[in-house]
Amino acid sequence: YQMGMLKMRQRQIGEAQSYFEQAASKNRKLVDVFIQIINTLILQKKFDQGLERCRAQLDIYKAHPRFQAVVHTVEARLYLLKKDNETAKKRLRMGIEKAPDYLQTYESLAKIFLMENKTDQAIRQYKQILAKQPDHLGTIMILGTIHDSIQEYKKAEEYYLKALEMMFEKGMYPAIATHDKVLVEGAFRLIKKYGATPDQYEFQMLYGVTPKLRRSIREQGHRMRVYIPFGKEWFGYSTRRLKENPQISSHIIKALFYKG
């Protein structure tokens with residue numbers, strides 16, 4: 001298995017597959033080995049062969065519903081690569097039915113709905129994850145991002161601040177990347193509530209955007225990291241960031257005409 005992983009890093013896909021097949025021949029139930037074999041087939045664009053392998057693996061996992069859910073998630077990935085979203089969604093629903101507590105299936109289904117611009121259905125899937133695991137930080141952040149993208153800023157702020165509070169509770173190092181005054185003020189309240197010192201978190205902003213707010217944060221003794229896009233691809237990168245976060249567009253437009 002380790003030799004297979006080494007060959008994968010060296011991009012020697014055929015040799016990697018051979019090593020993974022050797023590992024599988026010793027124990028067909030090893031999930032990690034199965035997933036790596038599928039990865040080699042995907043890299044070789046052998047999607048149908050990957051689906052055949054999934055069907056065989058489902059027979060091996062007959063008595064293990066959670067492992068079957070893993071296989072259905074892998075199947076969904078293959079069907080997506082074949083541009084068959086509907087079958088991918090069916091496989092994920094099968095996975096949820098077999099192992100309702102395997103969260104990856106909900107997340108994968110939500111991502112398909114986002115690809116299809118079915119935001120409400122994606123939100124429902126992510127909320128199902130939170131119903132089963134309320135402290136799933138990644139899901140809380142994603143829900144904030146989704147609500148932000150559809151201009152439901154109040155809900156977005158609630159999720160972002162909930163995630164930030166969870167980070168302080170867990171003793172993590174939050175990177176508070178925002179130009180939103182409401183979020184900054186909310187962050188100040190949480191910093192005070194948890195007695196966080198400046199070396200336990202940082203604020204992050206884009207250069208040239210809301211400089212007055214940035215100075216205010218710095219003057220209050222908080223650490224600030226300023227991002228400056230540069231290089232040949234700076235425009236494409238900046239455009240993608242704007243599409244990901246439409247709310248920041250208004251800040252940038254203001255920055256073109258006003259100082260602060």
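Predicted model only: the values in this text are computed from it and were never measured.
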Residues Gln151, Tyr153; criterion side chain to side chain contact (heavy atoms under 4.5 Å, CB included); working and verdict: CA-CA 5 Å; Gln151 300 182 15; Tyr153 299 131; 3.3 Å; yes
Check step by step if side chain to side chain contact (heavy atoms under 4.5 Å, CB included) holds for Tyr106 and Lys132. CA-CA 11 Å; Tyr106 298 94; Lys132 295 176 181 300; 3.0 Å; yes
His222 and Tyr201 aromatic ring geometry - parallel, tilted or perpendicular at 30°/60° bounds: tilted
Remaining members of Met94's ILVMFWY cluster at a side-chain heavy-atom cut-off under 4.5 Å? none
Applying the 4.5 Å side-chain criterion to the ILVMFWY set and letting contacts propagate, would Leu109 and Tyr79 be lumped into a single cluster? no
Under a single-linkage definition using a 4.5 Å side-chain heavy-atom cutoff for Ile, Leu, Val, Met, Phe, Trp and Tyr, are Leu92 and Ile42 assigned to the same hydrophobic cluster? no
With Glu202, which residues qualify under side-chain hydrogen bond (donor to acceptor under 3.5 Å, both in side chains), at least two apart? Tyr173, Gln204, Arg225
Can you tell me how far NZ of Lys82 sits from CG of Leu80, rounded to the nearest 0.5 angstrom? 12.0 Å
Near Gln133 CD, under 6.0 Å, is it more than 12 heavy atoms from other residues, nucleotides or ligands? yes
Lys/Arg-Asp/Glu bridge criterion (N-O < 4.0 Å) met for Arg53, Glu21: yes
Distance from Leu143 atom CG to Glu152 atom CD, nearest 0.5 Å? 11.0 Å
Would you say the rings of Tyr102 and Phe67 are close, in the sense that their centroids are separated by under 6.0 Å? no
Of all pairs that satisfy salt bridge (charged side-chain N to carboxylate O under 4.0 Å, His left out), the ones with a partner from residues 63-80, not counting sequence neighbours: Glu75-Arg91
How about Lys29: does its NZ atom have over 12 heavy atoms from other parts shown lying under 6.0 Å from it? no
Correct closest heavy-atom pair for Leu78 and Cys54 would be CD1-SG, 3.9 Å
Donor + acceptor pair across side chains of Gln44, Gln17 (<3.5 Å): yes
Leu213 vs Met205, test: side chain to side chain contact (heavy atoms under 4.5 Å, CB included). Steps then yes/no. CA-CA 10 Å; Leu213 179 59; Met205 287 186 169; 3.7 Å; yes
Passing candidate, side-chain contact (heavy atoms from CB on, under 4.5 Å) with Gln125, options Ile96, Ile112, Thr105: Ile96
Distance (rounded to the nearest 0.5 Å) between Met3 CE and Phe20 CZ: 10.5 Å
How far apart are the closest heavy atoms of Ala122 and Ala110, and which atoms are they? CB-O, 3.6 Å
Of all heavy-atom pairs between Pro174 and Phe168, which one has the smallest distance, and what is that distance? CG-CE2, 3.9 Å
Val31 side chain reached by Tyr61 side chain, heavy atoms, under 4.5 Å: yes
Looking at every heavy atom in both Thr73 and Ser108, which two are closest together, and how far apart are they? CG2-OG, 3.6 Å
Can you tell me how the ring of Phe203 sits relative to the ring of Phe188, calling it parallel under 30°, perpendicular over 60° and tilted otherwise? perpendicular
Is it true that Arg223 and Asp199 have a side-chain N and a carboxylate O under 4.0 angstrom from each other? no
Nearest 0.5 Å please: distance from the CD1 atom of Ile123 over to the CD1 atom of Ile142. 12.0 Å
Can you list the other members of the hydrophobic cluster that holds Val182, where links are side-chain heavy atoms under 4.5 angstrom apart? none
Is any side-chain heavy atom of Leu103 less than 4.5 Å from a side-chain heavy atom of Thr139? no
Of Ile140, Leu190, Leu183, which is the lone residue that meets side-chain contact (heavy atoms from CB on, under 4.5 Å) with Leu164? Leu190
Residues pairing under salt bridge (charged side-chain N to carboxylate O under 4.0 Å, His left out) where one sits in residues 182-198, two or more places apart or in two chains, turn out to be Glu165-Lys193
With a 4.5 Å cut-off on side-chain heavy-atom distances among I, L, V, M, F, W and Y, is there a chain of contacts connecting Leu43 to Leu6? no
Does NZ belonging to Lys127 count more than 12 external heavy atoms closer than 6.0 Å? no
Is any side-chain heavy atom of Asp59 less than 4.5 Å from a side-chain heavy atom of Arg55? no
Could you walk me through whether Asp135 and Glu169 pass the side chain to side chain contact (heavy atoms under 4.5 Å, CB included) test, one step at a time? CA-CA 11 Å; Asp135 63 345; Glu169 287 175 346; over 6 Å; no
Would you check if the side chain of Ser18 reaches a backbone N or O of Gly14 as a donor-acceptor pair within less than 3.5 Å? no
Interatomic spacing from CD1 in Ile60 to CZ in Arg28 - rounded to 0.5 Å: 6.5 Å
With heavy-atom distances below 4.5 Å as the criterion, would you say the side chains of Phe34 and Val74 are in contact? yes
Side chains of Lys89 and Glu86, heavy atoms from C-beta outward: is any pair under 4.5 Å? yes
Transitively linked via ILVMFWY side-chain contacts under 4.5 Å: Tyr19 with Tyr1? no
Any non-hydrogen side-chain atom of Pro211 less than 4.5 Å from a side-chain atom of Arg214? yes
Taking the side chain as everything from C-beta on, heavy atoms only, tell me whether Tyr126 gets closer than 4.5 Å to Glu107. yes
Given the rule that I, L, V, M, F, W and Y join up when any side-chain heavy atoms are under 4.5 Å apart, are Leu206 and Phe230 in one cluster? no
Shortest non-hydrogen contact from Ile228 toward Tyr207: CG1-CB, 3.6 Å
Hey, does Leu130 have a side-chain heavy atom less than 4.5 Å from the side chain of His136? yes
In sequence, state the C-alpha distance, the side-chain angles, and the governing distance for Tyr160 and Asp180, and then conclude on side-chain hydrogen bond (donor to acceptor under 3.5 Å, both in side chains). CA-CA 11 Å; Tyr160 286 145; Asp180 189 299; over 6 Å; no
Least distance between heavy atoms, Ala99 atom then Ala69 atom: CB-CB, 3.7 Å
I need the Ile129 CD1 to Asp101 CG distance, nearest 0.5 Å. 12.0 Å
With sequence neighbours excluded, residues passing side-chain hydrogen bond (donor to acceptor under 3.5 Å, both in side chains) with Gln49: none
